[in-house]
Amino acid sequence: MAKEITNRSDDYSLWYNNIVKKAGLADNSAVRGCMVIKPYGFALWENMKAQLDSMFKETGHVNAYFPLFIPKSFLSKEAEHVEGFAKECAVVTHHRLMNNPDGPGVVVDPSAKLEEELIVRPTSETIIWHTYKDWIKSYRDLPLLINQWANVVRWDMRTRPFLRTAEFLWQEGHTAHATKSEAMEEAKLIHEIYARFAEDWMAMPVIKGAKSDRERFAGADETFTIEALMQDGKALQAGTSHFLGQNFAKAFDVKFSNSENKEEYVWASSWGVSTRLIGGLIMTHSDDEGLVLPPKLAPQQVVIVPIPKPLPEVMEYIKPIAEELKARGVRVKVDDNDQKRPGFKFAEYEMMGIPIRLGIGKRDMANNMVEVARRDTKTKELVSREGIAKHIDNLLTEIQAALLANAKKFRSDHTTVVDTMEEFKEVLDTKGGFIMAHWDGTTESELAIKEATNATIRCIPNDFVEEEGECVFSGNKSKGRVVFAKSY
RNA sequence: AGGGGUGUAGCGCAGUCCGGUUAGCGCACUUGGUUUGGGACCAAGGGGUCGAAAGUUCGAAUCUUUUCACCCCUACCA
């Protein structure tokens with residue numbers, strides 16, 4: 001059938017691409033590396049966005065919007081920052097086209113060359129800090145807690161739907177503070193919010209930690225990350241929050257007068273999560289039948305399928321059930337399409353990952369029952385019509401918890417403590433996952449391990465335990481274990 | 001960016017090596033009928049110029065060159 005997808009065990013990447021397409025999340029576009037996010041995929045993003053946005057606002061942040069373009073000179077003001085992004089920038093050089101004098105079509109008008117090239121933002125620190133210079137004069141202007149929902153462009157060589165696209169949607173928070181500790185607290189607060197969102201809403205457990213020097217954001221003094229484990233044993237960096245120190249304040253000369261009327265540079269944080277989260281969601285829960293969505297984020301939580309088709313008497317039985325569910329705030333869809341048969345619809349909704357499907361026919365009416373099918377376990381049960389809405393409501397909560405529990409179990413089954421490079425390689429080759437190993441803290445050892453195994457340090461975990469040991473690579477003294485994995 | 005692979009109808013594919021008349025198949029789609037508790041069946045239809053461009057040839061999906069896109073493995077990165 002047209003809807004079949006590759007099994008995960010046969011080809012995980014192909015399976016992933018199949019899910020994205022067949023579940024109707026996204027399509028390739030005419031533009032290299034850029035995807036079209038289809039309504040179903042976008043609905044998922046809107047749900048994530050709504051929740052994150054409210055979490056940001058609850059903690060005092062406000063939204064604003066800064067330009068898509070950044071003057072080239074801005075980018076180079078912070079040395080590490082430009083170094084990190086220079087290789088992947090889209091550059092606007094002209095502002096006009098003209099009819100092709102030598103044939104059909106249009107060509108770039110050479111007389112319309114820009115005085116200074118514009119960079120399509122790969123991230124907005126520079127344009128925002130340039131702006132903050134005008135906004136911040138006094139300690140009374142601080143803190144400045146601003147977020148923007150935007151698109152950015154990073155010209156990556158190899159793209160994959162949601163995980164890495166040339167253009168992607170994200171939010172980027174940019175905050176300014178009077179003190180170092182306040183900026184650090186902000187970065188940690190957001191780190192915490194990201195982790196909470198991942199676990200409570202996406203049912204995707206994450207390891208919270210700090211990046212090593214080598215993996216740190218270009219221009220940051222400290223990068224906090226949440227790292228999730230995908231079903232194929234690879235890690236996904238799902239969100240980062242950066243303590244920027246005074247780097248951008250110094251680069252853009254942003255100073256404020258403190259209460260003693262002394263000038264100081266502003267302290268900063270920046271943080272972001274992107275549509276990549278959708279990729280993480282797919283690779284945390286879905287199976288060979290298709291997408292599996294956590295109820296809290298599913299665009300539709302319940303679908304009701306009349307069996308064998310939407311006969312008037314069956315629809316009469318269904319209608320109040322749907323109403324009761326809606327009254328409880330459940331996102332429910334009644335499928336009244338009379339062209340497709342139930343079996344076809346079942347497969348379709350399984351592909352779309354709708355958490356609960358109710359199958360209702362005359363037989364159920366006669367028995368005063370409802371057939372309840374769970375997407376995550378693929379189990380079905382007959383439930384009494386009385387109190388069905390409450391039952392479903394509870395079941396949604398149960399499914400949300402089950403998905404998280406499963407993902408946690410998978411993660412603990414795929415987290416291995418190793419003490420030698422041999423073990424390290426062996427684990428990586430056989431089951432993958434997170435590897436807890438001693439590391440001496442040097443970039444040299446980190447690079448050498450990457451060279452030998454392709455695994456990188458995902459993070460120095462927040463729950464880092466002080467423990468005497470020897471670096472798996474160098475044998476030098478180590479203060480504790482850090483998290484290694486191959487990553488997306 | 002280096003290596004490998006693939007582009008033929010909405011999807012999945014055959015045909016390409018050994019050029020030859022209107023380019024095939026399954027699913028999907030349209031119409032009619034029969035069906036209907038896990039992807040229905042029968043019949044009749046519609047749709048592609050073979051990723052794009054240039055070339056070789058009497059003749060190109062098929063050969064040559066260029067180019068674009070996508071996929072996989074590296075490298076780079078959210």
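So you know, we letter chains A, B, ... as the sequences are listed, proteins then strands, and number each from 1. FYI, side chains are in, hydrogens and waters are out, and symmetry mates aren't considered; it's all heavy atoms of this structure.
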- [ ] Tell whether A/Lys21 reaches the base of B/G10 with its side chain through a donor-acceptor pair below 3.5 angstrom.
- [x] no
Open item on the list: Under 4.0 Å from OP1 or OP2 of B/C76: is there any side-chain N or O of A/Lys450 that close?
Closed with: yes
Open item on the list: Counting only side-chain nitrogens and oxygens, does A/Asn18 get under 4.0 Å of the OP1 or OP2 atom of B/C11?
Closed with: no
- [ ] Check whether any side-chain heavy atom of A/Asp53 sits under 4.5 Å from a side-chain heavy atom of A/Asn63, and report yes or no.
- [x] yes
Under 3.5 Å on both distances, the Watson-Crick or G-U partner of [N]:
{"N": "B/G38", "value": "none"}
{"N": "B/A69", "value": "B/U6"}
{"N": "B/C11", "value": "B/G26"}
{"N": "B/A1", "value": "B/U74"}
{"N": "B/A61", "value": "none"}
{"N": "B/A43", "value": "B/U31"}
{"N": "B/C18", "value": "none"}

TODO: With sequence neighbours excluded, tell me which residues meet side-chain contact (heavy atoms from CB on, under 4.5 Å) with A/Ala64.
DONE: A/Phe66, A/Ile146
Among residues at least two apart in sequence or on other chains, which ones pass ring pair (Phe, Tyr, Trp, His ring centres under 6.0 Å) with [X]?
{"X": "A/Trp271", "answer": "A/Phe56, A/His61"}
{"X": "A/Tyr317", "answer": "none"}
{"X": "A/Phe434", "answer": "none"}

- [ ] Select from A/Asn454 and A/Phe162 the residue whose nearest nucleotide in RNA chain B is closer to the 5' end of that strand.
- [x] A/Asn454
TODO: Would you kindly compare A/Thr165 and A/Leu382 by the position of their nearest RNA chain B nucleotide and give the one closer to the 5′ end?
DONE: A/Leu382
Task: A/Arg357 to A/Phe346 six-membered ring, cation-pi geometry met (6.0 Å, 45°) - done: yes
TODO: Mark yes or no: A/Lys87 above the aromatic ring of A/Trp155, with NZ or CZ under 6.0 Å from the six-membered ring centre and no more than 45 degrees from the axis.
DONE: no
Open item on the list: Over all strands shown, is A/Glu350 touching base, sugar-phosphate only, or nothing at heavy-atom distances under 4.0 angstrom?
Closed with: base
Open item on the list: At 4.0 Å (heavy atoms only), tell me whether A/Phe168 reaches a base, stays on the sugar-phosphate, or touches nothing.
Closed with: base
TODO: Calculate the interatomic distance between A/Lys345 atom NZ and B/G38 atom P; express it in whole Å.
DONE: 13 Å
Close N/O contacts between protein and nucleotides 66-71 of chain B (under 3.5 Å):
unit_1	atom_1	unit_2	atom_2	d
B/C70	OP1	A/Gly33	N	2.7

Open item on the list: With the threshold set at under 4.0 Å for non-hydrogen atoms, list the residues of residues 358-368 of chain A touching RNA chain B in residue-number order.
Closed with: A/Gly359, A/Gly361, A/Lys362, A/Arg363, A/Asp364
TODO: Taking only heavy atoms on the protein side, list every residue of residues 204-230 of chain A lying under 4.0 Å from any atom of RNA chain B, sorted numerically.
DONE: none
- [ ] Identify which nucleotide among B/G37, B/G39, B/C11 has an atom closest to any side-chain atom of A/Lys22, counting heavy atoms from C-beta outward.
- [x] B/C11
Open item on the list: Atom CD of residue position A/Glu313 - does it have more than 12 heavy atoms of other residues, nucleotides or ligands inside 6.0 Å?
Closed with: yes
- [ ] Locate the shortest heavy-atom distance separating A/Lys486 from A/Thr453; write the atom from each residue and the value.
- [x] CE-O, 3.7 Å
Same-atom distance ([atom1]) from [N] to [M], integer angstrom:
{"N": "B/U21", "M": "B/U16", "atom1": "P", "answer": "14 Å"}
{"N": "B/C11", "M": "B/C70", "atom1": "C1'", "answer": "16 Å"}
{"N": "B/U22", "M": "B/C41", "atom1": "C1'", "answer": "31 Å"}
{"N": "B/A69", "M": "B/C18", "atom1": "C1'", "answer": "30 Å"}
{"N": "B/U30", "M": "B/A53", "atom1": "C1'", "answer": "36 Å"}
{"N": "B/G45", "M": "B/G37", "atom1": "P", "answer": "30 Å"}
{"N": "B/U62", "M": "B/A9", "atom1": "P", "answer": "15 Å"}
{"N": "B/G51", "M": "B/G10", "atom1": "P", "answer": "13 Å"}

Open item on the list: When you measure from the side chain of A/Thr442 to the backbone of A/Ser445, do you find a donor-acceptor pair of N or O atoms at a distance under 3.5 Å?
Closed with: yes
Nucleotides 40-43 of chain B: which of its N/O atoms have a protein N/O under 3.5 Å away?
unit_1	atom_1	unit_2	atom_2	d
B/A40	OP2	A/Arg341	NE	3.0
B/A40	N9	A/Arg341	NH1	3.3

List the atom pairs, with distances to 0.1 Å, where a side-chain N or O of residues 217-226 of chain A and a protein N or O form a donor-acceptor pair under 3.5 Å, not counting sequence neighbours.
unit_1	atom_1	unit_2	atom_2	d
A/Asp221	OD1	A/Asn247	ND2	2.9
A/Thr223	OG1	A/Phe217	N	3.0
A/Thr223	OG1	A/His242	ND1	2.8
A/Thr225	OG1	A/Glu227	OE2	2.8

- [ ] If a pair satisfies salt bridge (charged side-chain N to carboxylate O under 4.0 Å, His left out) and one of its residues is in residues 67-85 of chain A, list it, with sequence neighbours excluded.
- [x] A/Lys72-A/Glu117
Task: Partner of A/Arg121 by side chain to side chain contact (heavy atoms under 4.5 Å, CB included), out of A/Ile128, A/Val152, A/Leu75 - done: A/Val152
Task: Listed partners of A/Lys431 passing side chain to side chain donor-acceptor pair (under 3.5 Å), at least two apart - done: A/Thr416
Determine all donor-acceptor pairs shorter than 3.5 Å in which one atom belongs to a side chain in residues 291-310 of chain A; sequence neighbours excluded.
unit_1	atom_1	unit_2	atom_2	d
A/Lys296	NZ	A/Asp200	O	3.4
A/Gln301	OE1	A/Arg331	N	2.8
A/Gln301	NE2	A/Pro295	O	2.9

- [ ] Give the ring-plane orientation class for A/Trp170 versus A/Phe168, where under 30° counts as parallel, over 60° as perpendicular and anything between as tilted.
- [x] perpendicular
